[in-house]
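Structure first, commentary second.
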Amino acid sequence: MKNEKTYELVLTALFTAIIVIMAFTPLGYIPLVVINATIIHIPVILGALFLGPKKGAFLGFTFGLTSFINNTINPATASAFVFSPVLAYRVAGVSGIFRSLYICFVPRILVGVVPYFVWLLIRRIVKGDNKAGKIVVDVVASVILFFSVRAFLMRLFPEALSAVVCTVIGLVVGAALMAALTAGGMKKASANIALSYAGLAGAFTNTLFVMSGIFILYKDAYANAMGVAGDAVLDVIMGVVAFNGVVEAVVAAIIVTGVGLALVRVKPLYANKGHEAEDAALPAARKV
């Protein structure tokens with residue numbers, strides 16, 4: 001028990017250090033031609049899966065704290081005040097402090113909590129002979145990939161490719177994923193998708209809560225900062241969610257799955273504690 005607590009403390013410190021390094025260096029972003037995909041939330045998601053929701057929430061708080069420091073000391077955009085209570089005070093007075101505290105910390109703390117419970121839910125759905133549940137999970141994953149590929153191509157080749165062509169390519173890619181997941185399900189290996197969904201959930205939690213918070217709490221101030229009309233704020237936010245949010249979620253799903261499958265070889269997922277012997281009897285591809 002003592003060794004386990006020490007191990008978890010070391011892993012928590014490691015994830016914390018990774019978050020700090022990513023937040024204050026370019027390592028926290030992956031250039032994808034048309035955007036830089038944020039990946040700072042990935043250590044938070046992995047922390048939730050391997051250390052549990054409590055430590056995951058702490059890592060999420062650390063993520064929020066780095067965002068607060070970055071946007072206060074080095075505000076790179078005109079909208080940096082939404083993440084900085086210090087700057088928000090100048091824009092919206094005392095109420096701005098509490099609004100920015102919510103946007104800066106609450107979504108990031110939830111990133112360290114939601115993926116854990118999503119993993120539990122998906123693992124329960126795809127485990128055993130629940131064929132209908134597996135089909136639903138596979139279809140949702142394929143649809144998300146379809147929208148991601150379509151949005152990415154439309155942003156990358158706005159003139160070279162029409163919306164119809166991008167849609168067709170997205171459908172082909174989504175169908176290919178569906179076929180692969182279906183084949184994996186026949187081999188009883190589709191439980192791996194639980195990690196992918198945890199990555200998706202963590203990234204979407206960050207994007208949806210941050211952007212909805214901006215719209216609800218800072219609609220007019222955000223419009224002024226972005227130089228758009230108040231009525232156009234919703235379109236701007238939906239554009240961020242539909243493109244940046246989806247692409248970053250898919251990137252998170254891929255990285256969380258890959259890193260998670262590697263880490264699970266040396267440490268069981270938090271929800272699997274006490275079942276190491278059972279997991280050890282399974283092939284490595286099923287260890288989730």
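Tyr197 places a side-chain N or O within 3.5 Å of a backbone atom of Ala141 that can act as its donor or acceptor partner. Side chain of Asn70 to backbone of Ala23: a donor-acceptor contact under 3.5 angstrom is found. Although no hydrogens or angles enter the test, the distance criterion places no donor-acceptor pair under 3.5 Å between the side chain of Thr38 and the main chain of Ile40. In this structure, the side chain of Arg108 does not engage the main chain of Phe63 through any donor-acceptor pair within 3.5 Å. One N or O on the side chain of Ser142 and one on the backbone of Met178 form a donor-acceptor pair closer than 3.5 Å.
Grouping the Ile, Leu, Val, Met, Phe, Trp and Tyr side chains by contacts below 4.5 angstrom, directly or via other members, places Ile19 apart from Phe24. Hydrophobic clustering keeps Ile144 apart from Val168 (ILVMFWY residues linked when any side-chain heavy atoms are closer than 4.5 Å, directly or through intermediates). Linking Ile, Leu, Val, Met, Phe, Trp and Tyr whenever their side-chain heavy atoms come within less than 4.5 Å puts Ile39 and Phe50 in one cluster. The hydrophobic cluster containing Val164 does not contain Phe146, counting ILVMFWY residues as joined when their side-chain heavy atoms lie under 4.5 angstrom apart, directly or transitively.
Screening residues 50-77 for salt bridge (charged side-chain N to carboxylate O under 4.0 Å, His left out), with sequence neighbours left out, gives Glu8-Lys55. Judged as a ring pair (Phe, Tyr, Trp, His ring centres under 6.0 Å), the pairs with a partner in residues 212-235 (not counting sequence neighbours) are, in order, Phe81-Tyr218.
Thr167 is linked by a side-chain hydrogen bond (donor to acceptor under 3.5 Å, both in side chains) to Arg150, counting only residues two or more places apart in sequence or in another chain.
Among all heavy-atom pairs drawn from Leu208 and Ser212, the shortest one is O-OG, 2.7 Å.
Heavy atoms from other residues, nucleotides or ligands lying under 6.0 Å from CZ of Phe98 number 12 at most. Within a 6.0 Å radius of CZ in Phe209, other residues, nucleotides and ligands contribute 12 heavy atoms or fewer.
Counting only N and O atoms by type, the side chains of Thr257 and Ser196 include a donor and acceptor under 3.5 Å apart.
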